[in-house]
Number of protein chains: 2
Amino acid sequence: MTDVIPQTDPLALDRQVCFALSIASRSVLAIYRPLLQPLGLTHPQYLAMLALWEHERLSVKELGELLQLDPGTMSPLLKRLEAIGYVTRRRDVNDERVLVVSLTQRGRALRAEAEKIPPAIVEALGMGLDELQHLHATLTRVIGAARGAAAR
Amino acid sequence: MTDVIPQTDPLALDRQVCFALSIASRSVLAIYRPLLQPLGLTHPQYLAMLALWEHERLSVKELGELLQLDPGTMSPLLKRLEAIGYVTRRRDVNDERVLVVSLTQRGRALRAEAEKIPPAIVEALGMGLDELQHLHATLTRVIGAARGAAAR
DNA sequence: TCCTAATCGTTGGTGTGCAAACTAAATGTA
DNA sequence: TACATTTAGTTTGCACACCAACGATTAGGA
């Protein structure tokens with residue numbers, strides 16, 4: 001009972017879940033930033049690399065679906081990854097509409113560096129693994145609920 | 001036990017908390033968007049209005065601290081709110097460095113419209129209030145942990 | 001086969017977020 | 001009082017994130 005005065009205002013800033021969600025997301029990204037900088041990656045670029053380390057080659061559309069990002073967001077992002085030299089972008093031979101993104105040798109090699117990041121984050125956050133797993137589960141439920149709402 | 005094959009790869013995309021956090025944040029914001037559009041507000045602008053409905057008048061610095069946003073982000077955002085006609089921006093008479101942001105009549109009146117939003121969100125998400133409160137508490141812990149890490 | 005519709009990615013516009021350089025104003029100190 | 005320092009906002013540059021319009025390609029149907 002930290003609040004003597006009951007918070008009844010549904011518009012109180014510190015009661016908004018969306019507000020907590022934005023800040024939490026930005027705060028956690030801020031921890032990644034210095035760790036990703038040596039790799040030359042931003043956080044969305046890092047997520048794209050994670051997807052490629054898992055799948056080796058993906059179309060822009062598939063990557064966008066995995067990361068839940070617009071093609072208009074993916075397109076320039078992938079061009080930057082290509083400019084750095086971590087991926088190649090080539091039209092599919094069987095369907096000239098689709099652009100296949102593949103890892104370069106340098107992109108594949110980067111994985112070894114990236115493996116240091118998750119433990120560094122956990123260490124920096126100072127939260128237990130069980131707690132983080134629980135958070136992950138909760139967030140997954142929110143994502144499901146939000147996507148359900150969007151579909152309606 | 002949905003996973004037959006144990007997920008041991010710490011770089012698996014769907015195990016990253018940062019990934020879940022980004023997507024959850026964006027997914028929830030997507031629910032706000034159509035609700036805020038009639039008010040002519042983006043989500044960050046909505047958060048600024050929440051702060052002003054609570055405090056009536058705030059300096060740019062104070063607003064930035066409340067919303068955890070850069071002055072470089074606040075500055076153009078507040079100009080847009082002024083252009084719409086919801087706030088005024090005036091230099092403080094006692095200290096010409098600080099810019100005081102205050103609500104206009106229209107800005108104050110908007111609150112009545114905004115009151116419909118939180119229940120609409122809860123309804124759309126279809127999650128229980130207790131569940132949302134629990135999420136809020138968890139996010140608050142993450143924010144604290146992340147801010148602690150940043151300070152180190 | 002020809003034509004319409006659907007698919008895939010790109011481009012341009014707007015609005016954040018963050019960092020760094022900059023201006024104006026106030027503060028503290030010699 | 002004069003000057004260096006600090007503080008508050010603005011501006012610029014870059015990278016998302018989303019939307020709408022567009023061009024190229026493919027698939028489907030008359």
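Proteins come first, then strands; the chains are lettered A, B, ... in the order of their sequence lines, and each starts at number 1.
Applying the ring-ring contact (aromatic ring centres under 6.0 Å, His included) test to residues at least two apart or on different chains, the pairs with a partner in residues 93-146 of chain A are A/His134-B/His134.
Separating the CG atom of B/Leu67 from the C1' atom of C/dG17 is a distance of 13 Å, rounded to the nearest angstrom. A/Leu21 places its CG atom 13 Å from the P atom of C/dG17, with the value rounded to the nearest Å. Look at CG on B/Asp70: it is 5 Å from C1' on C/dC18, rounded to the nearest Å.
Nearest approach of B/Gly85 to B/Thr104, heavy atoms of both residues: O-OG1, 2.7 Å. The minimum heavy-atom distance linking A/Met49 with A/Gly107 is given by the pair CE-O, 3.8 Å. Minimum heavy-atom separation, A/Leu103 to A/Leu52: CD1-O, 3.5 Å.
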Please output the side-chain donor-acceptor pairs of residues 63-78 of chain B that fall under 3.5 Å, not counting sequence neighbours, one pair per line with the distance.
| unit_1 | atom_1 | unit_2 | atom_2 | d |
| --- | --- | --- | --- | --- |
| B/Glu65 | OE2 | B/Lys61 | NZ | 3.3 |
| B/Gln68 | OE1 | B/Arg147 | NH1 | 3.0 |
| B/Gln68 | OE1 | B/Arg147 | NH2 | 3.1 |
| B/Gln68 | NE2 | B/Glu65 | O | 3.1 |

Pairs under 3.5 angstrom only: tabulate donor-acceptor contacts from the side chains of residues 28-46 of chain A to other protein residues two or more places apart or in another chain.
| unit_1 | atom_1 | unit_2 | atom_2 | d |
| --- | --- | --- | --- | --- |
| A/Thr42 | OG1 | A/Gln45 | N | 3.4 |
| A/Gln45 | OE1 | A/Thr42 | N | 3.0 |

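For DNA chain D, the neighbouring residues in residues 30-44 of chain B, judged by any heavy atom under 4.0 Å, are B/Arg33.
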query: What one-letter contact string describes nucleotides 4-10 of chain C from 5' to 3', where B marks a base within less than 4.0 Å of any protein heavy atom, S marks contact via sugar-phosphate atoms alone, and - marks no contact?
result: ---BSSB
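A distance-only check finds a donor-acceptor pair linking the side chain of B/Glu62 to the backbone of B/Ser59 [under 3.5 Å]. Looking at B/Trp53, its side chain never comes within 3.5 Å of a backbone N or O of B/Ala48 through a donor-acceptor pair.
At most 12 heavy atoms of other shown residues, nucleotides or ligands fall within 6.0 angstrom of atom CZ in B/Arg57. A 6.0 Å sphere centred on CZ of A/Arg111 holds more than 12 heavy atoms belonging to other residues, nucleotides or ligands.
In terms of position on DNA chain D, the residue among A/Val93 and A/Gln68 whose nearest nucleotide sits closer to the 5' end is A/Gln68.
Under 4.0 Å is where a charged nitrogen must lie from a carboxylate oxygen, and between A/Arg91 and A/Glu96 no such pair does.
On the nucleic acid side, DNA chain D contacts chain A at distances under 4.0 Å to non-hydrogen atoms, with the end points of that region at D/dA15 to D/dT26.
When heavy atoms are screened at a 4.0 angstrom cut-off, A/Arg80 is found touching the sugar-phosphate backbone but no base atom. Here A/Leu29 lies out of heavy-atom contact (under 4.0 Å) with every strand.
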